[in-house]
Amino acid sequence: MSEIHRIKCGNVNCYIIENGTNGILVDTGKKEFIDKVIESCKSYNVKLIILTHAHFDHAENAARISNVLEIPVGMNENDCNLIQSNTNQSLSAVNILGKIVLSASLREFSVHPIPEFKPNVLLHDNDSLSNYGIDARIISLPGHTDGSIGIDLDHRHLIVGDALMNMFYPTVSMLYHDRDRMLESAGKISGIGNRTIYFGHGKPLPNRQWVK
């Protein structure tokens with residue numbers, strides 16, 4: 001049975017999924033945390049990097065970690081335009097806290113270009129990760145970005161990236177490229193049922209009804 005290890009990188013989470021034999025790194029954090037993430041990976045036989053989406057705080061270290069560990073990067077092709085610039089998909093927010101986070105994010109987009117890379121593996125809804133030694137599947141969760149994805153593991157755990165957030169309190173994503181799709185994805189997560197939810201920002205919590 002697989003386990004999830006949370007790597008806290010400031011206010012961003014990376015995760016290692018491992019089953020004692022193989023591992024997968026989910027998201028790569030900001031550049032100031034690269035040594036911490038690489039050292040964490042060395043304890044496991046990490047065979048793949050998965051990006052839940054391509055915003056810099058989740059993807060800035062993808063190229064370097066891929067080179068250091070000599071492993072491929074997987075993501076959804078609909079986020080590839082964010083590698084060139086995180087401003088290629090517009091973002092909006094509804095409430096005051098969301099607008100504060102949005103303003104800070106847009107400032108950081110301008111000073112954190114992502115080192116260029118080309119994903120080796122394009123991941124789609126319901127793709128299996130068994131080829132990498134992990135009993136898990138990809139779940140498509142667009143809305144925060146066009147190519148946002150999650151990982152459903154052992155029917156017990158669900159890594160959702162920024163499709164949901166627990167930055168200040170548990171909620172649907174505070175920032176979104178497409179609000180309607182973001183809400184659909186939140187409803188999809190609720191419909192999966194009994195899971196522990198692992199957020200891109202914040203502590204894990206049990207799944208719940210996310211859209212009232």
Side-chain angles (χ1 to χ4, degrees), residues 11-15 26-29 50-60 62 74-109 112 114 119 122-127 136-153 157-212:
N11 70 347
V12 180
N13 297 319
C14 304
Y15 297 99
V26 181
D27 290 339
T28 65
I50 292 178
L51 301 178
T52 60
H53 61 294
H55 283 154
F56 82 94
D57 50 338
H58 298 261
E60 190 170 22
M75 60 183 288
N76 184 269
E77 60 194 327
N78 291 329
D79 265 14
C80 286
N81 63 345
L82 292 175
I83 299 170
Q84 286 73 46
S85 173
N86 273 187
T87 62
N88 280 338
Q89 294 181 29
S90 62
L91 284 176
S92 301
V94 171
N95 60 31
I96 292 174
L97 273 177
K99 290 178 180 180
I100 291 171
V101 173
L102 175 59
S103 177
S105 297
L106 293 177
R107 285 196 304 271
E108 292 201 273
F109 286 173
H112 285 271
I114 296 175
L122 296 178
L123 297 169
H124 304 95
D125 194 44
N126 212 38
D127 280 353
R137 68 182 181 97
I138 297 297
I139 177 171
S140 179
L141 298 172
H144 178 68
T145 65
D146 283 336
S148 289
I149 56 174
I151 300 99
D152 190 16
L153 176 65
H157 308 295
L158 182 62
I159 299 173
V160 299
D162 286 0
L164 303 170
M165 291 183 176
N166 191 18
M167 189 178 294
F168 304 104
Y169 51 86
T171 181
V172 298
S173 186
M174 302 179 79
L175 310 179
Y176 50 83
H177 177 59
D178 185 322
R179 186 171 187 269
D180 288 342
R181 296 183 80 195
M182 178 269 291
L183 293 174
E184 288 176 6
S185 291
K188 182 177 182 179
I189 292 168
S190 298
I192 289 175
N194 187 24
R195 298 286 193 281
T196 299
I197 302 297
Y198 294 81
F199 305 88
H201 303 271
K203 296 179 181 180
L205 289 173
N207 199 11
R208 62 178 67 178
Q209 189 68 35
W210 295 101
V211 181
K212 306 301 182 185

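Just so it is clear, the structure is predicted and the values come from calculations on it, not from any experiment. By convention here, the first residue in the shown sequence is residue 1.
For the atom pair Thr196 OG1 and Leu158 CG, the distance stands at 9.5 Å (nearest 0.5 Å). Summarising the geometry, atom CD1 belonging to Ile139 is positioned 13.0 Å from atom OG1 belonging to Thr52; distances are rounded to the nearest 0.5 Å. Note that NE2 of His112 and CD1 of Ile114 are 11.0 Å apart. Values are rounded to the nearest 0.5 Å. To the nearest 0.5 Å, atoms OG (Ser90) and CG (Leu102) are separated by 10.0 Å. In this structure, NE2 in His201 is found 11.0 Å from CG in Asn166, a value given to the nearest 0.5 Å. How far CG of Asp127 is from CD1 of Ile50: 9.5 Å, rounded to the nearest 0.5 Å.
Considering only heavy atoms from C-beta on, Tyr176 comes within 4.5 Å of Val94 through its side chain. Looking at Ser85 and Phe109, their side chains never come closer than 4.5 Å, going by heavy atoms from C-beta outward. Ile100 places none of its side-chain heavy atoms less than 4.5 Å from the side chain of Phe168. When side chains are defined from C-beta on, Val26 counts as touching Ile151, because their heavy atoms get closer than 4.5 Å.
The closest donor-acceptor contact from the side chain of Asn86 to the backbone of Ala54 lies under 3.5 Å. At least one donor-acceptor pair under 3.5 Å links the side chain of Ser190 to the backbone N or O of Arg208. Between the Ser148 side chain and the Gly143 main chain, no donor and acceptor come within less than 3.5 Å of each other. At least one donor-acceptor pair closer than 3.5 Å links the side chain of Thr28 to the backbone N or O of His58. The closest donor-acceptor contact from the side chain of Asp125 to the backbone of Ser140 lies under 3.5 Å. A donor-acceptor pair is defined here as one N or O able to donate and one able to accept, closer than 3.5 Å; such a pair exists between the side chain of Gln89 and the backbone of Asp146. Under the 3.5 Å distance criterion, the side-chain polar atoms of Asp178 are matched with a main-chain donor or acceptor of Asp180. No side-chain donor-acceptor contact under 3.5 Å links His144 to the backbone of Met182. Although no hydrogens or angles enter the test, the distance criterion places no donor-acceptor pair under 3.5 Å between the side chain of Asn194 and the main chain of Asn207.
The shortest heavy-atom contact between Thr171 and Met174 is CG2-CG, 3.9 Å. Nearest heavy-atom pair across Ile197 and Pro206 is CG1-C, 4.3 Å. Minimum heavy-atom separation, Ala59 to Leu51: CB-CD1, 3.8 Å. Contact record, Val160 with Phe199: CG2-CA, 4.2 Å, taken as the closest heavy-atom pair. Smallest separation of non-hydrogen atoms from Asn13 and Asp27: O-CB, 4.2 Å. Annotation for Cys14 and Gly29: closest pair SG-N, 3.3 Å, computed over non-hydrogen atoms.
Residues meeting the side chain to side chain donor-acceptor pair (under 3.5 Å) test with Ser92, sequence neighbours left out: none. Under the side chain to side chain donor-acceptor pair (under 3.5 Å) criterion, Asn76 pairs with Asn78, sequence neighbours left out. The side chain to side chain donor-acceptor pair (under 3.5 Å) check on Glu77 picks up His124, with sequence neighbours excluded. Residues satisfying the salt bridge (Lys or Arg N to Asp or Glu O under 4.0 Å) test with Asp152, not counting sequence neighbours, are Arg137, Arg195. When the side chain to side chain donor-acceptor pair (under 3.5 Å) test is applied to Asp57, no partner is found at least two apart in sequence or on another chain.
Donor-acceptor pairing under 3.5 Å is recorded for the side chains of His53 and Asp162.
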Check step by step if side-chain contact (heavy atoms from CB on, under 4.5 Å) holds for Leu153 and Ile159.
CA-CA 8 Å; Leu153 176 65; Ile159 299 173; over 6 Å; no
In sequence, state the C-alpha distance, the side-chain angles, and the governing distance for Ile83 and Met75, and then conclude on side-chain contact (heavy atoms from CB on, under 4.5 Å).
CA-CA 11 Å; Ile83 299 170; Met75 60 183 288; 3.9 Å; yes
Residues His55, Leu91; criterion side-chain contact (heavy atoms from CB on, under 4.5 Å); working and verdict
CA-CA 11 Å; His55 283 154; Leu91 284 176; 3.9 Å; yes
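Within the structure, side chain to side chain donor-acceptor pair (under 3.5 Å) contacts touching residues 93-105 (residues at least two apart or in different chains) are Asn95-Tyr169, Ser103-Arg107.
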